[in-house]
Amino acid sequence: MLQIANLCKAYGQKAVLHNLNLNLAPGEVYGLLGPNGAGKTTTIRILCHLLQADSGSVTICDRPLSDATKSLIGLVPQENLQYACLTCEENLHFFARLYGISRQQRRIQVPACLESVGLLERAKSLAETLSGGMKRRLSVAIALVHNPKLLILDEPTTGLDIEARIELWRLIRQLQNQGMTILLTTHLLDEAERLCDRLGILKQGCLVAEGSLASLRQCIAAQEIVVVRTTAEDKAIARAQTLGFPCRRYGDDLAFWLPEALEMKDLIDRFDGIPLESIARQPVRLEHIYDEVLKNGMN
Ligand SMILES: Nc1ncnc2c1ncn2[C@@H]1O[C@H](COP(=O)(O)OP(=O)(O)OP(=O)(O)O)[C@@H](O)[C@H]1O
């Protein structure tokens with residue numbers, strides 16, 4: 001439903017997208033990940049026809065990108081773009097009118113959108129009186145009011161508290177179950193892990209890894225990760241080397257990759273003679289894959 005082929009973009013001399021290729025199937029939730037400056041927002045701005053690519057092609061629902069394809073996309077930008085002094089329903093009527101939706105259609109579509117994001121009871125409330133989470137959901141309703149085929153969420157839960165975040169995750173899943181195709185960017189890897197069918201990792205404008213979480217796990221030659229706290233790190237690292245356990249640092253944590261799952265007792269035996277304060281087994285998570293792909297590339 002979305003095809004991006006060999007997309008390139010530079011700002012002046014600075015190249016920010018290099019031959020980006022990306023395809024989204026209908027109904028898929030795709031997470032575009034990457035550090036600050038990787039090119040995620042630039043990609044979104046090109047998709048929304050707000051920015052011209054230097055080369056490459058984009059088709060949405062088999063139509064080449066143009067002003068006309070804008071109506072196929074609903075964008076939830078990083079900042080809530082809504083009028084504080086209008087009510088929720090007035091905001092939706094305003095944006096629906098921009099898309100040329102008739103009054104008759106708006107009478108059906110506006111309450112339906114408010115209901116889908118759980119804001120029907122707040123239809124007459126001024127946007128400025130909503131909580132942060134509700135404002136975000138109003139942004140989603142605004143993005144949906146013209147019935148787009150592709151919903152783009154740019155860091156949807158940034159700045160929200162955990163309850164509002166969970167509420168938004170629920171809403172995204174609901175849209176997913178209704179068959180909406182969704183492209184989302186996030187720096188929250190647990191969010192990406194929960195919501196996305198496939199993930200793409202951008203590094204300096206290049207897609208360096210892509211796939212389902214299960215397939216991306218192949219980037220790491222580990223069945224499990226073990227995090228070790230010890231006053232004798234050098235000894236633990238040397239032991240891990242003799243055992244053939246690759247060593248990594250995740251923040252302050254000293255971690256080893258286990259090529260095969262081991263019982264805790266066997267694991268402790270492997271580090272016999274080393275003073276361990278704690279030893280904890282963890283499953284391979286997206287954060288480990290992301291760290292590996294960005295630091296050391298794909299295996
Ligand atoms: N209008 C602009 N003019 C010049 N450089 C720009 C412009 N917009 C973005 N850039 C640069 O392009 C690169 C990619 O920026 P972009 O905003 O697409 O990254 P991002 O992945 O969305 O980052 P973030 O996670 O911080 O939102 C960055 O180095 C940024 O400084």
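Note that ligands are numbered from 1 as they come in the structure, with each ligand's atoms numbered from 1 the same way. Side chains are part of it too, since the values below use all heavy atoms of this structure and drop only hydrogens, waters and symmetry mates.
For ligand 1, the atoms lying closer than 4.0 Å to a non-hydrogen atom of His187 are 25 (O). Of all atoms in ligand 1, listed by their number and element, those nearer than 4.0 Å to a heavy atom of Lys40 are 18 (O), 19 (O), 20 (P), 21 (O), 22 (O), 23 (O), 24 (P), 25 (O). Residue Lys14 has at least one heavy-atom neighbour below 4.0 Å for each of these atoms of ligand 1: 29 (O). Interface atoms of ligand 1 facing Ala38, defined by a heavy-atom separation under 4.0 Å, are 19 (O), 20 (P), 21 (O). Listed by atom number, the atoms of ligand 1 under 4.0 Å from Asn36 heavy atoms are 23 (O), 24 (P), 25 (O), 26 (O). Atoms of ligand 1 found under 4.0 Å from any heavy atom of Glu155, numbered from 1 in the order shown, are 25 (O), 27 (O). Within ligand 1, counting atoms from 1 as listed, the ones closer than 4.0 Å to a heavy atom of Gly39 are 14 (C), 18 (O), 19 (O), 20 (P), 21 (O).
A distance-only check finds no donor-acceptor pair linking the side chain of Glu128 to the backbone of Cys85 [under 3.5 Å]. At least one donor-acceptor pair closer than 3.5 Å links the side chain of Arg165 to the backbone N or O of Leu160. Glu28 places a side-chain N or O within donor-acceptor distance of the main-chain N or O of Ala25, the cut-off being under 3.5 Å.
Residue, atom and distance of the protein heavy atom nearest to atom 9 (C) of ligand 1 are Tyr11 CE1, 3.4 Å. Counting protein heavy atoms only, atom 12 (O) of ligand 1 is closest to Val16 CG1, 3.1 Å. For atom 22 (O) of ligand 1, the nearest protein heavy atom (residue, atom name, distance) is Thr41 OG1, 2.6 Å. Protein heavy atom nearest atom 23 (O) of ligand 1, with residue, atom name and distance: Gly37 N, 2.8 Å.
Note that atom 30 (C) of ligand 1 has no protein non-hydrogen atoms nearby, at separations under 4.0 angstrom.
Looking at heavy atoms from C-beta onward, Leu207 lies in side-chain contact with Glu210 at the 4.5 angstrom threshold. Looking only at side-chain heavy atoms (C-beta outward), Val227 and Ile279 stay at 4.5 Å or farther from each other.
Contact between Pro35 and ligand 1 is present, with at least one heavy atom of the residue lying under 4.0 Å from the ligand. Residue contacts with ligand 1 leave out Gly34, since none of its heavy atoms falls under 4.0 Å from the ligand. Between Gln78 and ligand 1 there is a heavy-atom distance shorter than 4.0 Å.
In the model, Gln174 has no side-chain atom that pairs as donor or acceptor with a side-chain atom of Ser116 under 3.5 Å. Under the 3.5 Å distance criterion, with hydrogens and angles disregarded, no donor-acceptor pair is assigned to the side chains of Glu155 and Thr186. Side-chain atoms of Thr181 and Tyr30 form no donor-acceptor pair, as typed in the model, at a separation below 3.5 Å. Defined by atom type and a distance below 3.5 Å, a donor-acceptor pair is present between the side-chain atoms of Gln82 and Ser139.
Residue contacts with ligand 1 for Thr42 involve both N, CA, C or O and side-chain atoms from C-beta outward (heavy atoms, distance under 4.0 Å).
Classified by interplanar angle (parallel below 30°, tilted 30° to 60°, perpendicular above 60°), the ring pair Phe271/Phe245 is tilted.
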